[in-house]
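First the structure, in the form of structure tokens, and then the observations on it.
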Amino acid sequence: MATINDNYLKLKAGYLFPEIARRVNAFVKDNPDAPVIRLGIGDVTEPLPSACRTAMIQAVEEMGDRTSFMGYGPEQGYGWLREAIAAHDFRSRGCEVDASEIFVSDGSKCDTGNILEIFGRENTIAVTDPVYPVYVDTNVMAGNTGAANDKGEYGGLVYLPITAENDFTAEIPQQKVDLIYLCFPNNPTGAVATKEHLQAWVEYANAHGSILFFDAAYEGFITDPAIPHSIYEIEGARTCAIEFRSFSKNAGFTGTRCAFTVVPKDLVAKAADGTEVQLWQLWNRRQSTKFNGVSYIVQRGAEAVYSDAGRTQVRGLIDFYMDNARLIRQQLTAAGMGVYGGVNAPYIWLKTPNGLSSWDFFDKLLHTCHVVGTPGAGFGAAGEGYFRISAFNSRQNVEEAMRRIAERFSS
Ligand code: MLT
């Protein structure tokens, strides 16, 4: 009989968001008239910018004409999109990133998981706690961890706690770790990192030959001009960092699918025989073999994000969600809750009231307010006692959800 990848058996329960959906669906089945408002998964609700739609419609028409029809595109993405990204997202901020170092993909979730394929199995890996669960689960699947303990912590991973006490930014580890996941603006806590904090990570990584996986999927939501948007704003990052970016949250592409990963050509890691190998070359090889690129139509839509109209419309979307975030912060604070994040990020991280556990608060909110959020414990042991509310929803739903929570929880 064929055998399985036994590492999958080490995974705890289901992936967080399907597990939440399962619980909510069970509740809705028993309470079909309950007006449930979902502020759990960070999925956008507002329509695609018209600049993107127009570009995609035009691209569809091109596909319908023999003279402009496009077959397979470059696995790394079309040059015009990579150039637009390099110019607008990096050069405009003084970052040295060449278009050829940008790999267009169908999502940062896939890329942060797939990137492990080009690294050895003996690396020590550090994640923050709480953390975006994909980083942990993909390492479990890849066989980079031992079994989980009672708290859901996997053997072999180095957990860096992020709590209110350290402003949800991890202490630089004392020991050497090889691969480090950083996510700023942070999912789930909504925290951001200062230039000094990121500089300390870059110096650590360069000193130890470590690689930083820098997930900047939420950079568009930064409102404080002093906060870096890219790790490449930091001196020395080109020799130690891979950056993940996405069009999902800023331009509403969660259903359309387009993202990109930056692998600088200066980045190297060690082969078994001790020689240094360029990571760009390995990722390029991996993508050329296992990926056939994002559709021409979607890449044209993504390119339109950088047009004048596209930039204005994306700004409008971000401002809309950040107004939601402000409203959520205000209402929860007024209800007496300890509230974090939501200023430079679309996530609000709150201390559960009355010492409730994360999942107990989830159930209470669902059953009494018909509002869905995400239990902090689902992001890691140190997330216990916290809860995440997403600002991605209509204004009407956010206002109504906050009204219900204020009514139920105000002391
Ligand atoms: C979240 O809610 O954390 C995000 O939607 C997850 C994701 O982007 O995959």
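Given the structure is predicted, the values throughout are model-derived calculations rather than measurements. Counting starts at 1 for both ligands and their atoms, following the listed order. Numbering starts at 1 and runs along the sequence shown.
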Do Y132 and Y181 pass the ring pair (Phe, Tyr, Trp, His ring centres under 6.0 Å) test, and can you show the C-alpha distance, the side-chain angles, and the key distance before you say yes or no?
-> CA-CA 10 Å; Y132 179 42; Y181 291 82; 9.6 Å; no

D111 vs F260, side chain to side chain contact (heavy atoms under 4.5 Å, CB included): CA-CA, chis, key distance, verdict = CA-CA 8 Å; D111 283 357; F260 58 93; over 6 Å; no

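Residue contacts with ligand 1: R388 is placed with a nitrogen or oxygen under 3.5 Å of a nitrogen or oxygen of the ligand (distance criterion only).
Annotation for ligand 1: atoms under 4.0 Å from non-hydrogen atoms of G42 are 1 (C), 2 (O), 5 (O). Residue I41 has at least one heavy-atom neighbour below 4.0 Å for each of these atoms of ligand 1: 2 (O), 5 (O). Atoms of ligand 1 found under 4.0 Å from any heavy atom of K249, numbered from 1 in the order shown, are 4 (C), 5 (O), 7 (C), 8 (O). Applying the 4.0 Å criterion to heavy atoms of Y347 picks out, from ligand 1, the atoms 1 (C), 2 (O), 3 (O), 4 (C). Remark: ligand 1 atoms within the under-4.0 Å shell around heavy atoms of Y132 are 6 (C), 7 (C), 8 (O), 9 (O). Of all the atoms in ligand 1, the ones that sit under 4.0 Å from a non-hydrogen atom of F17 are 1 (C), 2 (O), 3 (O).
Scanning all heavy atoms of the two residues, the minimum distance from E75 to F291 falls at CG-O, 3.1 Å.
Residue N144 forms a side chain to side chain contact (heavy atoms under 4.5 Å, CB included) with just one option from N139, T124, T138, and that option is N139. A side chain to side chain contact (heavy atoms under 4.5 Å, CB included) with F213 is found for one member of L182, L179, I180 and no other, namely L179.
With a 4.0 Å heavy-atom cut-off, ligand 1 is reached by the side chain of N187 but not by its N, CA, C or O. Residue contacts with ligand 1 for F392 are absent, since no atom lies close enough (heavy atoms, distance under 4.0 Å).
Judged by distance alone, the side chains of E303 and Y78 never bring a donor and an acceptor atom under 3.5 Å apart.
Taking the six-membered ring for Trp and the full ring otherwise, the centers of F361 and F409 sit less than 6.0 Å from each other.
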